[in-house]
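Just so you know, these numbers use all the heavy atoms, side chains as well, and skip hydrogens, waters and symmetry mates.
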Amino acid sequence: MERFFWKAYCSKDRTQSITEIRNIISKHGFIVDFKRFSDVSISMVIEIEKQKVCGLYRNLNEYMNLDDFKEFESSSIEECVVLLNVTFTKSTGDMKIEVPAVPG
């Protein structure tokens with residue numbers, strides 16, 4: 001299984017960006033795992049057909065800044081893995097999750 005490693009930088013709101021990134025990925029492949037690192041970054045494992053890799057890269061690159069990637073032509077439906085790491089440039093490193101009060 002071929003693997004691609006992409007690093008991205010996003011200057012938009014983290015919460016909205018994660019939703020938008022997920023929507024873009026869903027048009028091309030599937031997120032099979034993800035890890036959040038405070039509010040600084042998120043890493044995703046994406047399964048995708050080889051023929052859809054370049055389209056995913058183009059769509060993600062329109063939304064945020066990705067490192068360079070050499071595009072290629074392919075009509076293969078072979079499954080590939082894209083390992084995507086997104087760093088949020090407006091992060092603080094101190095993510096807080098609000099927990100609602102529970103009556104009782």
Side-chain angles (χ1 to χ4, degrees):
M1 184 176 294
E2 195 166 355
R3 294 177 184 255
F4 300 94
F5 301 92
W6 296 345
K7 180 132 181 91
Y9 301 91
C10 187
S11 60
K12 298 174 177 83
D13 175 72
R14 178 183 58 85
T15 305
Q16 292 174 351
S17 294
I18 290 172
T19 300
E20 183 61 27
I21 292 165
R22 186 185 70 225
N23 291 340
I24 292 169
I25 292 168
S26 295
K27 295 176 185 174
H28 300 277
F30 305 94
I31 298 171
V32 294
D33 192 19
F34 71 93
K35 303 244 185 309
R36 290 185 190 171
F37 301 96
S38 186
D39 67 338
V40 175
S41 67
I42 187 168
S43 291
M44 299 179 194
V45 178
I46 303 162
E47 285 188 357
I48 186 171
E49 293 176 2
K50 190 170 185 176
Q51 65 183 355
K52 296 181 179 181
V53 169
C54 293
L56 174 61
Y57 176 82
R58 283 190 296 271
N59 290 157
L60 287 172
N61 199 37
E62 289 172 3
Y63 186 74
M64 58 188 170
N65 297 322
L66 268 85
D67 286 348
D68 289 335
F69 171 69
K70 186 176 180 179
E71 293 195 32
F72 56 88
E73 297 269 337
S74 178
S75 59
S76 173
I77 59 170
E78 174 187 349
E79 288 291 317
C80 296
V81 173
V82 174
L83 303 168
L84 174 64
N85 184 48
V86 181
T87 300
F88 300 100
T89 59
K90 294 181 180 177
S91 62
T92 64
D94 187 25
M95 183 169 76
K96 294 183 176 143
I97 300 172
E98 303 260 340
V99 179
V102 178

Atom CZ in Arg14, atom CD1 in Ile21: separation rounded to 0.5 Å? 11.0 Å
Atom pair SG (Cys80) and CE (Met1), whose distance is rounded to the nearest 0.5 Å: 7.5 Å
Same hydrophobic cluster for Leu66 and Val53, using side-chain heavy-atom links shorter than 4.5 Å among ILVMFWY? yes
Should Asp68 and Lys70 count as an ion pair when the cut-off is N to O under 4.0 Å? no
Can you run down the side chain to side chain donor-acceptor pair (under 3.5 Å) pairs that involve residues 75-89, sequence neighbours left out, and say none if there aren't any? Lys7-Thr87, Ser43-Asn85
Can you measure from CZ (Phe30) to CD1 (Ile46) and round to the nearest 0.5 angstrom? 12.0 Å
Met64 and Phe34: same hydrophobic cluster, using ILVMFWY side-chain contacts below 4.5 Å? yes
Separation of Asn61 CG from Leu56 CG (nearest 0.5 Å): 10.5 Å
Contact list for residues 50-61, test salt bridge (Lys or Arg N to Asp or Glu O under 4.0 Å), sequence neighbours left out: Glu2-Lys50, Arg58-Glu71
Working to the nearest 0.5 angstrom, can you tell me the gap between Asn59 CG and His28 NE2? 3.5 Å
Are Leu84 and Ile18 connected in the hydrophobic side-chain network, where two residues link if heavy atoms are under 4.5 Å apart? yes
CZ/Arg36 to CE/Met44 distance, rounded to the nearest 0.5 angstrom? 8.5 Å
Using the test ring-ring contact (aromatic ring centres under 6.0 Å, His included), find all partners of Phe69 that sit at least two apart in sequence or belong to another chain. Phe4, Trp6, Tyr57
